[in-house]
Structures are given as structure tokens and as C-alpha cells.
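Computed over heavy atoms, backbone and side chain alike; hydrogens, waters and symmetry mates excluded. Whatever order the structure lists them in is the order used to number ligands and atoms, beginning at 1.
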Amino acid sequence: MTYAPGRLKAAPTAFVIVLVAVVAAACSSGTEKPPMTETTPPDRDIHSYARPWEARVIHVALDLTADFTAKTLAGSATLHVNRAAGAREIVLDTKGLTVERVTDKDGAALKFTLGNADAILGRPLAVDLPASGPITIAYRTPPDAAALQWLAPSQTAGKKYPYLYSQGQAILTRTWIPTQDSPGIRQTYAATITVPRELRAVMSAEQLTPEGEESAGGRTFRFRMTHAIPPYLIAIAAGDLAFRPLGPRTGVYAEPAVVGGAATEFADLESMVTAAEALLGPYLWGRYDVLVLPPSFPFGGMENPMVTFATPTILAGDKSLVSLLAHELAHSWSGNLVTNATWSDFWLNEGFTTYVERRIMEAVYGKARADLFRVLGWRDLATEIDRLGGMQSKDTVLHVDLKGRDPDDGATQVPYEKGAALLGLIEQTVGRDKFDAYLRDYFKRHEFQSITTAQFLADIRAHLLTDKAVEAKIRLEDWIFQPAIPVNALQTKAPQLTEAGEQAAAFARGAAASSLRTKDWSTQEWQYFLQELPPTLPVDRLASLDKEFKLSDRRNSEVLYEWLHLAIRRHYEPAMPALERFLLSQGRRKFVRPLFEDLMKTDWGKGDAKRIYAAARPTYHAVTTQTLDAIVK
Ligand code: BES
Ligand code: ZN
């Protein structure tokens, strides 16, 4: 449901009270910690078939075996359910799963029905509830389950062992676990995972058997997550994984060939956690580890609890891309502790996280460095808004309308950067000390809960913006419910980037490449410089830049990406081998999507795009191919 600003205050209070009573009754029978909030039907998650007000999953116990030959996870999911009085069935989300049988606690068959498939949502699985006890679903995943990527040894660093990993956000958990796949339906979980003997399994949970145990089918690992989390955070990886500790509660997992470099790159991780705690309150998840995935991982990072999943493209060798860790770490509060109740509330996850990411960067590396990211982020937002069709596009609304759409469509720079800009404005308006105190209390008040935008608004009005005049000054509702960027947005300046911009302008005016002052430039100055160059630069000018600064040979993924982006638009032929290598060597969607788009926009590049994509596609994760299939055709 989308809010019109005027409708907000007319929340159906009586209905909410009735619902709270139903939920309280529903929770009273369970042994697990009851869910603390309910997503009210007016804020119903339109991306789930579940009807949690009737019956909701509170705990998932997985028992799965990974078969790398068949590319399938097979076994069972046992679901513990809280139900309202009189509820006779529970509706789950599935997509592509083969359901073999559903049984009660004594093994007796339960009637179940798989409904029609929707291209986005998958199929509802309705199960007749037993008189008491959990239900067990015996099932298997298809080889093309969208959450899972089964990598051949050739796609790993070591080239010897296969690799498996999952990506649940936004609505892909249903492609490997039959549960209620809605961020408002928090669940604890346990898992028994059997993988081939040579592999190690890692999950977004406490490891009960770090080395695994020999079993008939291979090596078996057990995990437990005792905090109720949204199901998109259930995650698994299995491969030839080594571990290096970084601090008392931090460490890094990666393939043996990668783990040493990753440990050096991430040396500041423990300080980041300490800085985040000083800002936001205690870190409640125990360990904070990072798993560096193979290069096909479709995202920069994914904030799976206790173990962030990260792309190896941030291993720049000079720590210059570790703001990504600050970002995923920040999600331990904004996202994992306090979660968007529906995907229209995604900005509560990403806007808060982007704001906090920069506060962590500021605490660990100083304000000047943090401001680089603020400025670059603001620029990314402007570029994104152009791509979305300009300021009046409805996709520039923070509380975005996703009716009939994949939640992925809402994952633009808008929830990240417009969201962060709103919080920056609130901070500036009320003062940093007051805002920080509010942030800490906000996370404490809602810990382990999923909340809607309306609940956030009620919270901030009750606890921070109690003065209506202050709220009016901020124009809070315009920011959240209207398109465009309100005029009161703050502008951060970063002198180092201004300087890089001046060098770009000088070069555009005809200055020689050798005369540019680029000494000591970090990744971020290079990014900004390349973004500032006019897209109309003649090819011989690109050649002189390339010759002087060896841009086509850069190993830094962000710098190389910006360079290739420019090179395609100018059809700078000498960069094309580097482009092909880049597209074939990693599958991070943020990089490959715009580059394929650039190619497809040209007459000369379409054929190359199709040829390269045909070779790269089998190596990419489904998240990336789903996006690219619509572009390269
Ligand atoms: N949670 C997101 C990744 C995500 C978003 C996955 C939506 C699926 C749907 C993660 O925290 C994130 O934002 N990653 C960014 C990096 C970050 C530094 C902006 C990414 O992957 O680019
Ligand atoms: Zn994020």
C-alpha cells in the first residue's frame, strides 16, 4: 500500500488495536520469543503470499545436503508456527521448489497445495495445520534456483573445488527455503548442512561445528541463529574456505589464495565495529566476520548477520574501498536489528545505513575522508535520477510504490542517497548530539523488530521532532512521500574532489595529460576526475590520458569501471580488451549493467555486447543475468 501524505494521520487506530490483540493471542502458545511487532494489513507486504495475522513462521530448522553434481539442495525445512485462534492453514512462499511431502511432528502427512506461479512472487504453498507442533516440508531446489549460485572449480580462485553461495535479498529466499519470505516476519533458525568432505560451510549464524563433522554424505556443519531475523538474511556459502582472525570478534573467510590479502585489506575492521558501537550502542550479534566471495557475487556486499558477504572487487590493495565494510557493518543496526517491514520501506534500511556508513568512516578515518564519500554519493544520486527519468519520476520517492513490480526495481540510489541526505538534514537541524542520542534510542526501542515508514514517522515525531515548526523546516513528509530532492538538502563539499574536478576541467580545456596534478590521488579522486570529464572528449585525448596514467591497466575496480564507462561512450578502441576482461572476470551488477548498457547504445558495440555476454552469462549469478537479459538482447 502506498501512502498519500494526507492519508497518513488517518491511520485506522481501532483496526490496529484489534490486530495487536490477535497477534498477542497468536504468540502466547509458542516457546520461542514472540514477535514483537506485527505488520498491519494496511502495510501488508505485497511481495509475500503469507497471511501472518493468521499463522506465522517463528523458527526454521533446515536439514539440507548440497549436491554439486545435481546442483541441488535437498532435505527438509521444519517450521515452527504461531497461529491465531481458529487458523486452519498456513501460507508460505516458494519459487521453483519441488515439494515432496509435508508432515506433522509424528511424520503423518499433511495436506498441502501449491498455487499458481506468479513471475515475480513464485507460488504460494498452503499447508493444512496439524493440531499442534511444527510442520516439516521435504523439498529440493532446482539447479537454477535464483538465490543460489553453483560455481564450477574454474570460477574460483583455487580452481580445484566447487563453490556454492546464496543471496536472499530481496525475495529470493523463497527459491531455496519454503518459508514466509517477508521482512516483517522474523524467524530464528537452525541448520544442519552436509557438503562434500573437502568443503567448509558458513552461514549467517553461530557456527556450532567450526570444522564440521564427518558424516555418511560428506561433512556436516551445524548452525544456529537465536535472534529473530527477516528471512532474507538467511544465507549460506560452501567452498574451500580459510579463516583469518582480525580482532577479538572479527575475522575474514575466503579461499586460501585470497584470505591473506583480504586480511591485510580489512585490518581496520575491529576499529570499525568499535566506532559503530560508540555511535549506535552495543553490537548485539556476537561475531562480525566478512566472507570474500568469488568475483561473480552480484553485489558489493550483503549484510548477512554475523558474516557479511563481500565482492573481491573491493580488494584494491590500499584499503581505499573498505567503506563498503562500514556500510555492511552499519546494517547490523539499520537493517538487521531494525528492519524494513516491507520493500517500500527499503529506505529505512539503506538510507540509515548510508548515513551511518559515513559516520563510521568519519570516526575511523576523519571527516575529510568521509566527505569524499558524501560528495561521490550525492553525484551518484544525480546520475541515478537522470536515469530514472528526472526529478518528477515516482521512483525518486523514498517510500516507493512497488505495486506489481519486483522489489529489485526499488533498489536504486534513491533509498540510499536521498535517505542519507534526509538524515543528514535532520542531524544538522537538531544538532549532532541530539540526533545521535535519538539514533541510539531508536535502535534500542525497535531492536529485533521490523518497522514501516509510518512507524518511523510516529517514532521520530514522538522522540525527536516534537516541535512542529522543526518538522516543517525539514519538510519531512515531502522528503519521504514526494518525488524530487527538496530544496533544503545540504551540500557537502570536499576540497580534494574540487581539486580533482578542476584538473578535469583543465584537461577538457586542452591542458596536456602530463601537466595534470594527480600526485597522491586516491581511488576517490580518480573516480571523481573521470566522472567530471566531458563525455564528448575526442578519442586522441583519451589516448593521451591512457598513455600518461595507464588507465586501461588499472586493477582498482572503481577506477577501471569509470574509465571503461567513458571509453565506451567515446568508442576508444584500445580500452576494449580491458573492457572484455573486466566483464568476463567479475559479475558485480553495479559494474556490468551500465557497461553493457553503454555498449548496447552504440551501433558498433551491440555485437560485442552480445558476444561477450554469451560468454559471461554462464558465470554470472541470477541476480545479474535477470537484469542483463533485459538489456543485452
Ligand atoms: N543490502 C544491500 C544489497 C542489496 C540491496 C541486495 C537490495 C539485494 C537487494 C547492501 O547492503 C548494499 O547496499 N550493497 C551495496 C554496497 C554499498 C556500499 C552501497 C552494493 O552491493 O553495491
Ligand atoms: Zn546496504
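- The closest side-chain heavy-atom distance from T452 to L348 is not below 4.5 Å.
- Angle subtended at the Zn ion (ligand 2) by E350 OE2 and H331 NE2: 80°, rounded to 10 degrees.
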Under the side chain to side chain contact (heavy atoms under 4.5 Å, CB included) rule, what do W333 and R440 come out as? Steps first, then yes or no, please. CA-CA 10 Å; W333 287 264; R440 272 190 298 275; over 6 Å; no
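- Taking 2.8 Å as the threshold, E303 does not count as a candidate ligand of the Zn ion (ligand 2), since none of its N, O or S atoms lies below it.
- Scanning for ring-ring contact (aromatic ring centres under 6.0 Å, His included) contacts around F373 gives an empty result, with sequence neighbours left out.
- Of the charged side-chain nitrogens involved, none lies within less than 4.0 Å of a carboxylate oxygen, so that E255 and R244 do not count as a salt-bridged pair.
- Applying the salt bridge (Lys or Arg N to Asp or Glu O under 4.0 Å) rule to D380 yields no partners; only residues at least two apart in sequence or on another chain are considered.
- Between F582 and F591, the ring-plane angle classifies as tilted under the 30° and 60° cut-offs.
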I'd like the atom pairs linking ligand 1 to the protein - N or O on both sides, separation under 3.5 Å - with distances to 0.1 Å.
from	atom 1	to	atom 2	distance (Å)
ligand 1	1 (N)	Q169	OE1	2.7
ligand 1	1 (N)	E303	OE1	2.6
ligand 1	1 (N)	E303	OE2	3.2
ligand 1	1 (N)	E350	OE2	3.0
ligand 1	11 (O)	E303	OE1	3.0
ligand 1	11 (O)	H327	NE2	3.2
ligand 1	11 (O)	E328	OE1	2.7
ligand 1	11 (O)	E328	OE2	3.2
ligand 1	11 (O)	H331	NE2	2.9
ligand 1	13 (O)	H327	NE2	3.1
ligand 1	13 (O)	E350	OE1	3.4
ligand 1	13 (O)	Y416	OH	2.6
ligand 1	14 (N)	G301	O	3.3
ligand 1	14 (N)	E328	OE2	3.4
ligand 1	21 (O)	G300	N	2.6
ligand 1	21 (O)	G301	N	3.4

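- Under the salt bridge (Lys or Arg N to Asp or Glu O under 4.0 Å) criterion, D436 pairs with R359, not counting sequence neighbours.
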